Amino acid sequence: MADTLIVGGGTAGCVLAERLSTDPARTVRLLEAGPLWTGLDAMPAELLDAAVLPIGPEAGWLWRYEVALAEDPPVPGTIVRGKLIGGSGAVNGGYFVRATAADFDAWQQALGGSDTWSFESVLPFFCRVERDLDFGDRPWHGAHGPIPVARTSAPTPVSAAFTDACLAAGFAEVPDLNAPDSGEGVGIVPCNREQGRRIGPSIGYLLPALTRPNLTVAGDTFVTRVRFDGTRAVGVECVRDGESGVEWADRVVLCAGAIESAALLLRSGVGDPGQLRPLGVPVVHAAPVGAWLSDHPEVGISYLLDLDEPPTVPLETVLELDDVEIRPYAVSFTPGVHRLGVTLMRPWSAGALRLRSAEPDAAPRIDYRYLTAEPDRARLRDTVATAGGLLRRMNARPVDPIPPPVELDAWLRANLATSQHLSGTCRMGREDDPAAVVDELCAVHGVTGLSVVDLSIVPVPLSRGPQATTMMIAEKAAAHLAE
């Protein structure tokens, strides 16, 4: 029996397991549904190469979900999440931009003014994560953390052309997108890589800790439910090698991500009774699990531009415009065709996650409900026009011309995608907050011995991609759980 049982060996789970196991008096056990590699020599090469996105149809280390991106009429889509040690942090593009100070101001307001997650409170944990190879001597950066962070010094021709177009259009150049006062403008994306290698949470945090006798890790172990004694979590039910079993613990921490952490709570009886009882799930505690799902809707503009494409990370530079990020992808997802992403980072529209069935192998229903709110459509219409102007400055030719404003809403839906930055399904808030699932220390309201530590707890949309912030959340949660 473990003192702390962590479910999910993804970005947050790797960080949490390493930090909690630094205390030799605490036993920590980590369960991961996907494969576990205990050394770099055993890892597939594509997981190590920062210039490769190992998420193709042949990849066996992914969760795959059919989703509805928008409604009336439905816009279907497919998303993937990492199902391996390291989670999505082991298969992503290495984007390592922090959430902004304004995001943490909004987070603080969502907690009724509590400063537990203020920018000043979280900054030391951002610094603890990183070894910034460019700005490590600055007071808002770290120089000794397990994750190397670097910015390319030689952008590809596509990235350079985009930067030149932004500067010619009058946008500012931002040297450090992770500076507290970075503001709007175009800048090089910090990435968690070193010497061409993707250094994710498994490599940076977990692997060096595997020799600790108080830390055990099991791969290919699918957790199906949390086991309760009354309202106290006492362990989990799981399946390994086709055999069902129970793992017991004093404390259970879910780190399975915004989809699987929420689905696991629901299957375990923590959720909306009106949804659970018809599925035959006994209710342990009524909670709004899955009722507030957030992500970053992205509208893709395909264009032609005859430039070389040397191997690199997918995204080297971005233009930040308050709540919109314009992304000139440095690699082609379709041969010969480039992509410019226009991404809404603080959408008003919110989605929902629900169980289809109580059976663990039934994927949940995920409804994004993108473009529901008119302010979201208006903001995207305006920014698509800005993106079109940048493409003209680059002498690029859109594959499908951007239509006039009166026809733009249909075009937005036809080119709609998602950033796969899901959050908010186990939202943080005060006990009297009807939208809250966990408290400000990540403990699930209404039960004991159970916490959630991953991006599902974030109560507000974040203005930047989530990887750096997820590691910070785990660092900060580990400090609280270790007390």
Side-chain angles (χ1 to χ4, degrees), residues 1-33 36 85 87 116 201 205-206 209-219 221-240 243-257 260-271 282-285 287 289 360 426 428 431 436-454 456-457 473-483:
M1 179 166 138
D3 296 327
T4 303
L5 180 64
I6 300 171
V7 179
T11 299
C14 286
V15 175
L16 197 65
E18 190 281 327
R19 291 311 195 201
L20 291 180
S21 64
T22 56
D23 179 359
R26 177 186 291 109
T27 56
V28 178
R29 183 151 173 79
L30 174 63
L31 306 180
E32 165 55 39
L36 163 68
I85 204 69
T116 303
Y205 279 89
L206 189 66
L210 289 181
T211 57
R212 295 173 185 167
N214 63 325
L215 172 63
T216 58
V217 183
T221 302
F222 178 47
V223 174
T224 57
R225 289 178 179 85
V226 177
R227 179 73 72 90
F228 286 96
D229 181 2
T231 57
R232 179 170 185 81
V234 295
V236 301
E237 300 174 15
C238 58
V239 177
R240 184 185 306 117
E243 299 291 329
S244 298
V246 179
E247 297 259 1
W248 304 99
D250 290 331
R251 175 194 289 137
V252 176
V253 185
L254 305 185
C255 298
E260 291 299 323
S261 284
L264 186 53
L265 282 179
L266 292 170
R267 291 198 304 268
S268 305
V270 179
V283 177
V284 174
H285 174 67
V289 176
C426 305
M428 181 181 288
E431 191 171 9
V437 176
V438 303
D439 67 17
E440 63 183 37
L441 299 183
C442 304
V444 177
H445 287 301
V447 300
T448 55
L450 181 62
S451 301
V452 181
V453 177
D454 56 34
S456 68
I457 68 168
I473 290 170
E475 284 274 10
K476 186 169 173 59
H480 290 305
L481 291 170
E483 293 175 353

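All of these numbers come straight from a predicted model, not from anything done at the bench.
- Residues S268 and R225 bring no donor and acceptor atom of their side chains to less than 3.5 Å of each other.
- Closest heavy-atom contact between R267 and V223: NH2-O, 3.5 Å.
- Counting all heavy atoms, side chain and backbone alike, R29 lies closest to A2 at CB-CB, 3.9 Å.
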Run the side-chain contact (heavy atoms from CB on, under 4.5 Å) check on E18 and L215 step by step: do they pass?
-> CA-CA 8 Å; E18 190 281 327; L215 172 63; 5.9 Å; no

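- When all heavy atoms are compared, the tightest approach of D454 to A256 is OD2-N, 3.3 Å.
- Nearest heavy-atom pair, C426 versus V289, reported as atom, atom and distance to 0.1 Å: SG-CG1, 4.5 Å.
- Side-chain contact between R26 and S21 is absent, with no heavy atoms from C-beta onward closer than 4.5 Å.
- Each of V226, I6, L5, V453 was evaluated against L254; a single residue qualifies, V226, per the side-chain contact (heavy atoms from CB on, under 4.5 Å) test.
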Show your working on side-chain contact (heavy atoms from CB on, under 4.5 Å) between R212 and V28 and close with a plain yes or no.
-> CA-CA 10 Å; R212 295 173 185 167; V28 178; over 6 Å; no

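- Here the straight-line distance linking atom CD of E32 with atom SG of C255 works out to 11.0 Å at 0.5 Å rounding.
- At least one donor-acceptor pair under 3.5 Å links the side chain of H285 to the backbone N or O of H445.
- The distance from atom CG of L16 to atom OG1 of T4, rounded to the nearest 0.5 Å, is 7.5 Å.
- Taking R19 as the reference, E475 meet the side-chain hydrogen bond (donor to acceptor under 3.5 Å, both in side chains) condition, with sequence neighbours excluded.
- Ion pairing between a basic and an acidic side chain is recognised when a charged N comes within 4.0 Å of a carboxylate O; R227 and E247 show no such pairing.
- Nearest approach of L31 to R240, heavy atoms of both residues: CD2-NH2, 4.2 Å.
- Minimum interatomic distance between K476 and T116 (heavy atoms only, all atoms of both residues): CE-O, 2.7 Å.
- By the 4.5 Å heavy-atom criterion applied to side chains, N214 and D3 are not counted as neighbours.
- Atom CG of residue L30 and atom CG of residue L36 lie 8.5 Å apart, to the nearest 0.5 angstrom.
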Could you go through the side-chain contact (heavy atoms from CB on, under 4.5 Å) check for L450 and L265 one step at a time?
-> CA-CA 10 Å; L450 181 62; L265 282 179; 3.7 Å; yes

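- With hydrogens and angles ignored, the 3.5 Å screen pairs no side-chain donor or acceptor of T211 with any backbone N or O of A209.
- Results of the side-chain contact (heavy atoms from CB on, under 4.5 Å) test with V452 over V7, I457, L264 single out I457 as the only residue that passes.
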Taking it one step at a time, do D439 and E431 satisfy side-chain contact (heavy atoms from CB on, under 4.5 Å)?
-> CA-CA 7 Å; D439 67 17; E431 191 171 9; over 6 Å; no

